[in-house]
Protein chains: 2
Amino acid sequence: MNCSIAQALEIIGERWTLLILRDAFYGVKKFGRFQEQLGISRNVLAARLNRLVDEGILEKVSKTAGGHPEYHLTAKGHALQPVLIALAQWGEEYMPHPKGQRFYIVEANTREPIRRLEPVSQDGRALKHHEIVSVPGPGILHN
Amino acid sequence: MNCSIAQALEIIGERWTLLILRDAFYGVKKFGRFQEQLGISRNVLAARLNRLVDEGILEKVSKTAGGHPEYHLTAKGHALQPVLIALAQWGEEYMPHPKGQRFYIVEANTREPIRRLEPVSQDGRALKHHEIVSVPGPGILHN
DNA sequence: CAGTATCCTACGTGATACTG
DNA sequence: CAGTATCACGTAGGATACTG
């Protein structure tokens with residue numbers, strides 16, 4: 001399916017994958033930490049990590065201080081942050097915890113919550129969902 | 001798992017679901033159109049649509065002009081647009097089609113491409129991935 | 001056209017045991 | 001600790017036939 005969303009989901013649409021990446025953004029790097037955080041079985045975790053390394057989303061760093069390998073987000077991996085933020089904000093808004101926000105995504109320096117992620121025009125105006133359309137480009141037209 | 005990302009994925013993490021929603025954003029409303037667009041089997045499509053209606057993401061409208069039911073995005077559904085945009089932009093950037101962009105997401109009026117989705121601080125500064133952290137809120141602390 | 005019901009298969013997942 | 005190998009299970013998915 002020639003669609004960037006479908007292509008993206010081919011990789012990160014697998015179960016567990018986005019949760020692994022969520023933890024990676026939280027700073028988790030070691031196999032065992034992922035495993036205990038997620039409660040995922042070891043073989044599946046290994047498969048997912050390998051896949052993410054193959055796709056260039058994580059980088060396996062073998063020569064670490066402790067002698068144990070670590071998994072680091074690459075630039076391609078870091079570029080997924082908006083996806084996770086969008087998911088988190090949607091989840092907080094429409095499936096809230098009764099006691100309030102589970103997490104605040106804040107600016108590291110000021111500790112101020114960031115804005116809700118929203119589409120903006122080139123000149124910086126926020127766009128409502130009906131002000132947006134998608135139009136075919138060369139990648140679709142020339143098959 | 002008490003995490004807004006995990007909660008969100010519980011619903012929209014199922015295979016096909018985000019592709020169904022992508023088509024819904026493209027304006028697809030009828031069962032048959034979804035089916036032919038996606039090449040999904042009818043029973044699975046029916047299950048997914050029902051789930052999305054149950055979750056308040058789609059609304060089933062039975063009294064239409066043609067007499068056939070339609071599925072419309074609700075506010076909760078429209079709120080997922082940033083997720084899809086983030087996925088699409090990531091896919092276009094890191095898994096590009098050799099002939100160029102498959103789609104441009106543009107402002108409806110001007111036909112100008114929108115900006116890349118990015119986290120911004122309250123006062124509107126763009127934030128790099130390392131300038132962002134997430135801190136626990138009441139929904140986590142009080143279990 | 002818009003589903004539902006049934007069957008069958010394949011794959012994803014977890015549990016466990018094993019290795020370096 | 002960081003995996004790999006194997007097995008056993010459940011379920012998601014497609015195909016097909018049927019219904020209003």
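Residue numbers begin at 1 in each chain, while the letters A, B, ... track the order of the sequences.
The pair A:Glu70-A:Lys60 does not meet the salt-bridge criterion, since no charged nitrogen lies less than 4.0 angstrom from a carboxylate oxygen. Using a cutoff of 4.0 Å between basic side-chain nitrogens and carboxylate oxygens, A:Arg51 and A:Glu55 are scored as salt-bridged. We find that B:Arg125 and B:Glu131 are not joined by a salt bridge, their nearest charged nitrogen and carboxylate oxygen being 4.0 Å or further apart. We find that A:Glu14 and B:Arg15 are not joined by a salt bridge, their nearest charged nitrogen and carboxylate oxygen being 4.0 Å or further apart.
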query = Would you write out the dot-bracket form of DNA chain C, 5' to 3', with Watson-Crick and G-U pairs under 3.5 Å, [ ] for crossing pairs, | for pairs to other strands and . for unpaired bases?
reply = ||||||||||||||||||||
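One finds no side-chain N or O of B:Lys29 lying less than 4.0 angstrom from the OP1 or OP2 phosphate oxygen of C:dA2. In terms of phosphate contacts, A:Lys30 brings no side-chain nitrogen or oxygen within less than 4.0 Å of OP1 or OP2 of D:dG3.
Contact of the A:Ile40 side chain with the A:Leu19 side chain is not registered, since no non-hydrogen atoms from C-beta on lie closer than 4.5 Å. Inter-residue side-chain proximity for A:Leu58 and A:Thr74 is flagged as unmet; no heavy-atom pair is nearer than 4.5 Å. Put simply, the side chain of B:Ile114 does not reach to within 4.5 Å of the side chain of B:Val106, judged on heavy atoms.
One can place CZ of B:Arg33 at 14 Å from C1' of C:dC1, the figure rounded to the nearest angstrom. When the C1' atom of D:dG10 is taken as reference, atom CZ of A:Arg15 falls 12 Å away, rounded to whole Å.
Contacts between residues 34-57 of chain A and DNA chain C, defined by a heavy-atom separation under 4.0 Å, are made by A:Ile40, A:Ser41, A:Asn43, A:Val44, A:Arg48.
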